[in-house]
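Below is one structure, written out as structure tokens, with a few remarks after it.
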2 protein chains.
Amino acid sequence: MTLSEKNFTFVMHCGEMGSRWGFNRTIGQMCGLLIITKNPMTANEIADSLSISRGNVSMGIKELQSWQLIKVQHIPGDRKEYYAPAGDIWDMANRVFEERKKREIDPTLSLLRDNLLDEASNEEEIYAQKQMGEIHNLLETVTKWSSELQRLTPEQLNKLMKLGSGIGKVIDLKDKIFKKE
Amino acid sequence: MTLSEKNFTFVMHCGEMGSRWGFNRTIGQMCGLLIITKNPMTANEIADSLSISRGNVSMGIKELQSWQLIKVQHIPGDRKEYYAPAGDIWDMANRVFEERKKREIDPTLSLLRDNLLDEASNEEEIYAQKQMGEIHNLLETVTKWSSELQRLTPEQLNKLMKLGSGIGKVIDLKDKIFKKE
DNA sequence: ATTAACTTTCAGTAATTTCAGAAACTAAAT
DNA sequence: ATTTAGTTTCTGAAATTACTGAAAGTTAAT
């Protein structure tokens with residue numbers, strides 16, 4: 001089964017974007033391919049569709065599983081493993097976001113925490129520590145906020161997103177109401 | 001002027017994280033270094049502090065300027081260029097965020113827009129197009145939302161962030177109020 | 001218009017990352 | 001216990017990316 005031209009273009013685009021999204025070209029392609037393909041695919045089908053080696057697909061699968069972006073399925077009476085996206089687009093985006101937070105923010109947060117426990121021992125370290133404190137604040141805020149968003153129900157989240165510029169008004173509103181109490 | 005051990009550790013950490021944040025090791029180090037150093041630095045000071053070549057620093061500066069993360073300063077009677085972070089930590093994070101959106105989201109958004117204009121011509125393309133539509137929605141929402149956040153005043157933003165789990169309640173609240181009208 | 005102080009560019013090299021294909025492994029069916 | 005259908009791991013080659021150091025470029029002072 002060969003890809004239609006339009007679908008092929010999309011898959012290749014996912015490849016180009018792959019490294020920007022946190023993985024590599026092949027893995028980007030695999031991810032795009034599985035998303036637009038209705039039926040689950042075997043590793044060999046993936047390798048053929050993308051003209052890459054079977055070994056490479058195997059490594060890619062492992063990686064995509066570590067991101068929790070794909071799941072394995074079995075068809076009764078068939079020994080092959082079939083792969084499909086794990087969840088809908090929104091779920092997948094969430095996973096990517098979470099995983100990237102883990103890789104891009106958490107390590108720094110923990111370094112900064114450690115550092116801020118130590119007393120600075122001179123002028124230069126005092127300034128540095130002040131700056132690190134700022135970064136720490138920022139990252140904590142982002143982290144807290146993102147976990148709050150995860151906690152909202154899909155409907156709430158949807159309302160929030162749709163709110164758009166209204167968000168400013170709502171904040172002010174909330175402010176007025178609670179100031180009274 | 002050589003870095004204290006603690007500061008050195010931080011700068012090296014920024015290097016390790018560099019590629020995850022969208023640039024490379026050296027540029028990560030440069031960025032970290034400039035952030036924790038109180039006084040603006042010359043290119044040579046940067047090269048010495050990090051033990052990298054002068055040419056490399058020059059390229060790094062260009063890159064950091066393209067991200068709008070640093071600015072040049074001059075000291076009267078001194079021909080050297082002095083570099084310092086452009087803005088506070090929040091500003092910088094914003095710039096990184098914006099720039100990454102440009103690289104990681106915008107190209108895909110435009111590809112998807114184009115694709116969705118075409119009529120799908122068979123079963124397979126219909127499904128693919130449905131999925132692409134989902135991705136398109138998601139990315140549009142993220143884009144819109146992030147530009148809304150940029151539009152808020154710092155105080156509003158701060159309130160919003162502090163709101164934390166309260167956000168759910170506020171949404172419901174807003175809902176009730178406007179349903180009456 | 002020369003020199004001196006500084007910056008940028010760039011060609012070649014070094015380091016890293018990605019990949020194919022072969023070999024090793026696993027487990028179901030016979 | 002062999003065969004067969006399948007998956008994973010690993011090595012070295014290829015491609016990409018990052019870096020150095022030297023050469024070229026710029027600008028201000030003399």
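Below, chains carry the letters A, B, ... as their sequence lines are ordered, and counting in each starts from 1.
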**Request:** For A:Lys80 and C:dA28, give me the distance from atom NZ to atom P, rounded to whole Å.
**Result:** 15 Å
**Prompt:** Separation of B:Ile27 atom CD1 from D:dC19 atom C1', in whole Å?
**Reply:** 11 Å
**Message:** So, OP1 or OP2 of C:dA5: does either fall under 4.0 Å of a side-chain N or O from B:Asn44?
**Reply:** no
**Asked** Reckon B:Asn56 touches a base, only the sugar-phosphate, or nothing at all at heavy-atom distances under 4.0 Å?
**Response** base
**Prompt:** Which part of the nucleic acid, if any, lies within reach of B:Ile61 when heavy atoms closer than 4.0 Å are counted: base, sugar-phosphate only, or nothing?
**Reply:** nothing
**Prompt:** Base, sugar-phosphate alone, or nothing: which one does B:Thr42 contact when heavy atoms must sit under 4.0 Å apart?
**Reply:** nothing
**Prompt:** Is there a donor on the side chain of B:Arg79 or the base of D:dT27 sitting less than 3.5 Å from an acceptor on the other?
**Reply:** yes
**Message:** If I take atom CD1 in residue B:Ile46 and atom P in nucleotide C:dT8, what distance separates them, rounded to the nearest angstrom?
**Reply:** 11 Å
**Message:** Would you say A:Asn24 places a side-chain N or O within less than 4.0 Å of OP1 or OP2 belonging to C:dC19?
**Reply:** yes
**Message:** Quick one: does any side-chain atom of B:Arg20 pair with a main-chain N or O of A:Arg103 as donor and acceptor, under 3.5 Å?
**Reply:** yes
**Request:** For the residue pair A:Tyr127 and B:Thr37, establish whether any side-chain heavy-atom pair is separated by less than 4.5 Å.
**Result:** no
**Request:** Let me know the distance between CE of B:Met59 and P of C:dC10, rounded to the nearest Å.
**Result:** 11 Å
**Request:** Measure from the side-chain heavy atoms of B:Arg54 and tell me the nearest of C:dT8, D:dC19, C:dC6.
**Result:** C:dT8
**Request:** Taking only the side-chain nitrogens and oxygens of A:Ser58, find out if one of them lies under 4.0 Å from OP1 or OP2 of D:dT9.
**Result:** no
**Prompt:** How about B:Glu125 and A:Asn7: does a side-chain donor come under 3.5 Å of a side-chain acceptor?
**Reply:** no
**Prompt:** Expressed in angstrom and rounded to an integer, what is the separation of A:Gln73 atom CD from D:dT7 atom C1'?
**Reply:** 18 Å
**Fill in**
From NE2 of B:His74 across to P of C:dC6 the rounded distance in Å is 12 Å
**Asked** What is the nucleic acid contact for A:Ser19, judged by heavy atoms within less than 4.0 Å: base, sugar-phosphate only, or nothing?
**Response** nothing
**Message:** Rounding to an integer number of Å, can you tell me how far A:Asp78 CG sits from C:dA28 P?
**Reply:** 14 Å
**Item:** Expected output: side-chain A:Trp21 to main-chain B:Glu104 donor-acceptor under 3.5 Å
**Value:** yes
**Residue B:Ser53, side-chain heavy atoms: nucleotide from D:dT8, C:dC6, D:dG21 that is nearest** = D:dG21
**First encountered from the 5' end of DNA chain D, between A:Tyr83 and B:Thr26** = A:Tyr83
**Request:** Taking all heavy atoms of A:Glu124 and all of B:Ser4, pick out the closest pair and write down the distance.
**Result:** OE2-N, 3.5 Å
**Request:** For the side chain of A:Glu81, starting at C-beta, report the closest nucleotide among D:dT7, D:dA18, C:dT9.
**Result:** D:dT7
**Asked** Can you find a side chain N or O atom of B:Lys62 that sits less than 4.0 Å from OP1 or OP2 on C:dT9?
**Response** yes
**Request:** For A:Gln129 and A:Asp118, indicate whether the former's side chain and the latter's backbone hold a donor-acceptor pair under 3.5 Å.
**Result:** yes
**Request:** Round to the nearest Å and state the distance from B:Glu16 atom CD to C:dA15 atom P.
**Result:** 16 Å
**Asked** According to a strict under-4.0 Å criterion, is A:Arg25 in side-chain N/O contact with OP1 or OP2 of C:dC19?
**Response** yes
